[in-house]
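Heads up: the structure comes next, in structure tokens.
Remember, it's a predicted structure, so these values are computed and weren't measured experimentally. Throughout, protein chains are lettered first and strands after them, A, B, ... in sequence-line order, and every chain is numbered starting at 1.
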Number of protein chains: 2
Amino acid sequence: MKPRGRKPDPEVDARIKQAAVTLLVSKGPSFTMDEVASAAGVGRASVFRRYATKRDILLDALALAMDAQVPPVPDTGALESDLLVIVTETLAAWNSPELAERTRQIFGEAGRDPAVAEIIRTAMRDRMTRSWAIYDRAIARGELSADADLWLLSDMLVGLVVYRGLIDVPQPDAPQMLRALMCGFTR
Amino acid sequence: MKPRGRKPDPEVDARIKQAAVTLLVSKGPSFTMDEVASAAGVGRASVFRRYATKRDILLDALALAMDAQVPPVPDTGALESDLLVIVTETLAAWNSPELAERTRQIFGEAGRDPAVAEIIRTAMRDRMTRSWAIYDRAIARGELSADADLWLLSDMLVGLVVYRGLIDVPQPDAPQMLRALMCGFTR
DNA sequence: AGTTTCTGATACTCGGAGTATCACAATGAA
DNA sequence: TTCATTGTGATACTCCGAGTATCAGAAACT
């Protein structure tokens, strides 16, 4: 079963993928297949030959875009200041109105398509485990109990921000949020 | 400027609204206008005469559905047990797969339409302020500092659950989550 | 050389939102 | 009563985007 005729042009592959990511970033998941084709300077059929449905290309572009920027892990010497960096980075996705709009749309898309949810979930878990070096150091310093539920900690942090972003509530002050996470709400 | 000809049938109004809510609950925001009309046993035109766009009818149905069930405010005598009730109620929206699917879709819709976000935000703020009697009592008992940011507390709670629900991560144990909220993560 | 498969182009089908028009029914005004 | 006005269901449209089908030509294999 060797492939015989003309081979798929890798240039075309790249242009389509690139166009999809660009469109996803510039106007969210509502781009059309025609837009992808013309932005890639490529025939409509070539897009559909690579991606049977719009969903497929959206998933591919999303996965690419998510892997694009993975922030470095801070190491400031204390849990509190390390966490402050994390919180600030998390808030960054909602800073400008345009960025907030994209983030909203992407998380919204997760509500309509489990595959999108999976991509986001995987990407987020990846980032989180990456930043667990912070917690290891904190535990070694005695700042954190060894059996703390780190998933819970991470998800409470991100969850608050995503929730507020989604329903358009102003984001909290990073230090205040940090204090709540570390010390809780009871006296 | 008195209205002259035939008057709009209030029966038709009611049937349409009812059908919209039912469809929203049974199959999420993806119902069609034709479905509304036929479920209401009403002409297509009558639907469009009342709601110019599908967005309009979706917003109306959503607002109705959100106001439908507002849980009672617990008063068990201690902050912890009161909060446990709140947490359990919050988790309830994600208990069955079908319910989780609807909740996901609704919150997802908030990412595509600011008006949906506003409806959800308003409804949630409403419920939250309603349950602030809990915190008043807790402050009186000395269980909570008087200047605690109750929005932050509430949003961390709901945020975690919504976030996990959206990207399909198993929800936390209510008691464990409670402990994190009340005591924080540092030793 | 001949065959296979890619390529861009074009023209379709299909489904759902929204529009337009119809004959008819209900209401108010004259 | 008569007439104008507006709601009613029915039907047939337009529009747009996803997905399909077909084409002639180009590239790569035997």
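If you measure from atom NZ of B:Lys54 to atom P of C:dG15, you get 16 Å, rounded to the nearest angstrom. Across the protein-nucleic acid pair, A:Asp13 atom CG and C:dC6 atom P stand 11 Å apart, rounded to whole Å. Rounded to whole Å, the distance from CZ on A:Phe48 to P on C:dA9 is 15 Å. Per the geometry, CZ belonging to A:Arg44 stands 11 Å off C1' belonging to C:dC12, to the nearest Å. Put simply, CE on A:Met33 is 19 Å from P on D:dC16, counting in whole angstrom units. A:Glu11 has its CD atom 14 Å from the P atom of D:dA27, to the nearest Å. In this structure, B:Arg55 atom CZ and C:dG18 atom C1' are separated by 15 Å, rounded to whole Å. Atoms CZ (B:Arg15) and P (D:dG9) sit 9 Å apart, rounded to a whole Å.
Salt bridge A:Arg112/A:Glu109: present, at least one basic N to carboxylate O contact under 4.0 Å.
No path of Ile, Leu, Val, Met, Phe, Trp and Tyr side chains, each step under 4.5 Å between heavy atoms, connects B:Leu64 with B:Phe31, placing them in separate hydrophobic clusters. Clustering ILVMFWY residues whenever any of their side-chain heavy atoms sit less than 4.5 angstrom apart, transitively, puts B:Ile106 in a cluster other than the one holding B:Val25.
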I'd like a table of atom pairs between the protein and nucleotides 1-5 of chain D - only N or O on both sides, under 3.5 Å - with the distance next to each one.
none

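Side-chain contact check for B:Gln176 and B:Arg179: no donor-acceptor pair (N or O, by modelled atom type) lies under 3.5 Å. Side-chain contact check for B:Gln18 and B:Arg15: no donor-acceptor pair (N or O, by modelled atom type) lies under 3.5 Å.
Among the heavy atoms of the strands lying under 4.0 Å from A:Phe31 are primed sugar atoms or P, OP1, OP2 only; no base atom is included. Using a 4.0 Å heavy-atom criterion, one finds that A:Arg50 contacts the sugar-phosphate atoms exclusively.
Within 6.0 Å of atom CD in B:Gln105, more than 12 heavy atoms from other residues, nucleotides or ligands are found, so the atom counts as buried in its surroundings.
Closest contact between the side chain of B:Thr53 and the listed nucleotides C:dG18, D:dG9, C:dG8 involves C:dG18.
At C:dT7, none of the side-chain N or O atoms of A:Lys7 fall inside 4.0 Å of OP1 or OP2 (strictly under the cut-off).
Among residues two or more places apart in sequence or in another chain, the salt bridge (charged side-chain N to carboxylate O under 4.0 Å, His left out) test is passed with B:Lys54 by none.
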